[in-house]
Asks: 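Okay, handing you the structure first.
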Amino acid sequence: MAGSNQVPKLMFDSRSHALLAAREGMGVAMNRRPYGDFLLKRGQLIAPFPEEVRTGGAYYFIAPKRSAGLARVKHFKAWLLSRSTGLRAE
């Protein structure tokens with residue numbers, strides 16, 4: 001709108017949408033590993049800064065006590081950890 005003091009910006013409700021918009025040349029997006037790593041590896045995105053910031057964040061596998069010992073829950077947890085490269089189980 002002519003004469004407006006509004007700064008154009010895009011807002012997304014998911015990280016994947018922000019990364020895909022950046023891939024399409026619509027701006028920049030912050031990546032939180034491992035979400036955008038496949039786009040970086042394919043050359044579809046670039047990292048404009050060499051620094052990485054460690055947030056100290058974590059993911060947790062949570063199950064109710066009554067089902068934590070079930071074979072299917074243990075199997076799923078083992079599979080999930082096997083697919084989570086670079087993560088450690090505690």
Side-chain angles (χ1 to χ4, degrees):
M1 187 166 149
S4 173
N5 64 355
Q6 293 291 318
V7 177
K9 63 181 174 182
L10 297 171
M11 296 178 68
F12 299 94
D13 62 351
S14 75
R15 182 174 293 114
S16 62
H17 288 147
L19 291 171
L20 293 176
R23 182 189 72 184
E24 296 302 315
M26 300 174 80
V28 297
M30 292 180 64
N31 178 32
R32 187 166 188 182
R33 297 195 130 172
Y35 300 107
D37 289 352
F38 70 96
L39 295 172
L40 289 167
K41 289 177 184 172
R42 291 181 180 166
Q44 295 177 350
L45 283 179
I46 62 161
F49 310 108
E51 299 85 14
E52 291 184 7
V53 177
R54 300 249 180 229
T55 63
Y59 293 96
Y60 299 90
F61 180 85
I62 300 172
K65 282 185 181 183
R66 66 182 178 276
S67 60
L70 295 174
R72 65 179 181 253
V73 174
K74 289 181 178 181
H75 180 74
F76 177 70
K77 181 180 177 182
W79 173 83
L80 189 61
L81 286 170
S82 75
R83 305 300 298 171
S84 304
T85 58
L87 301 179
R88 70 176 199 271
E90 293 184 7

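Nothing fancy with the numbering, it's 1 onward along the sequence. The figures here come from the full heavy-atom set of this structure, side chains too, leaving out hydrogens, waters and symmetry mates. Everything numeric here is computed off the predicted structure, so don't read it as measured data.
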Asks: Looking at CG of Asp37 and CZ of Arg42, how far apart are the two atoms once the value is rounded to the nearest 0.5 Å?
Replies: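 So the gap between those two atoms works out to 12.0 Å.
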Asks: Sequence neighbours left out, cut at 3.5 Å: what donor-acceptor pairs do the side chains of residues 11-29 make with other protein atoms?
Replies:
| from | atom 1 | to | atom 2 | distance (Å) |
| --- | --- | --- | --- | --- |
| Ser14 | OG | Ser16 | OG | 3.3 |
| Ser14 | OG | His17 | N | 3.2 |
| Ser14 | OG | His17 | ND1 | 2.9 |

Asks: If hydrophobic residues (ILVMFWY) are linked whenever their side-chain heavy atoms come closer than 4.5 Å, directly or via other members, who joins Phe76 in its cluster?
Replies: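 Its cluster partners, ordered by chain and number, are Phe61, Leu70, Val73, Trp79, Leu80.
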Asks: Got a sec, which residues hit side-chain contact (heavy atoms from CB on, under 4.5 Å) with Arg66, two or more places apart in sequence or on another chain?
Replies: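 Scan of Arg66 (side-chain contact (heavy atoms from CB on, under 4.5 Å), adjacent residues dropped) gives Pro64.
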Asks: In Å and rounded to the nearest 0.5 Å, what is the CG to CG distance from Leu39 to Asn31?
Replies: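 That separation rounds to 8.0 Å.
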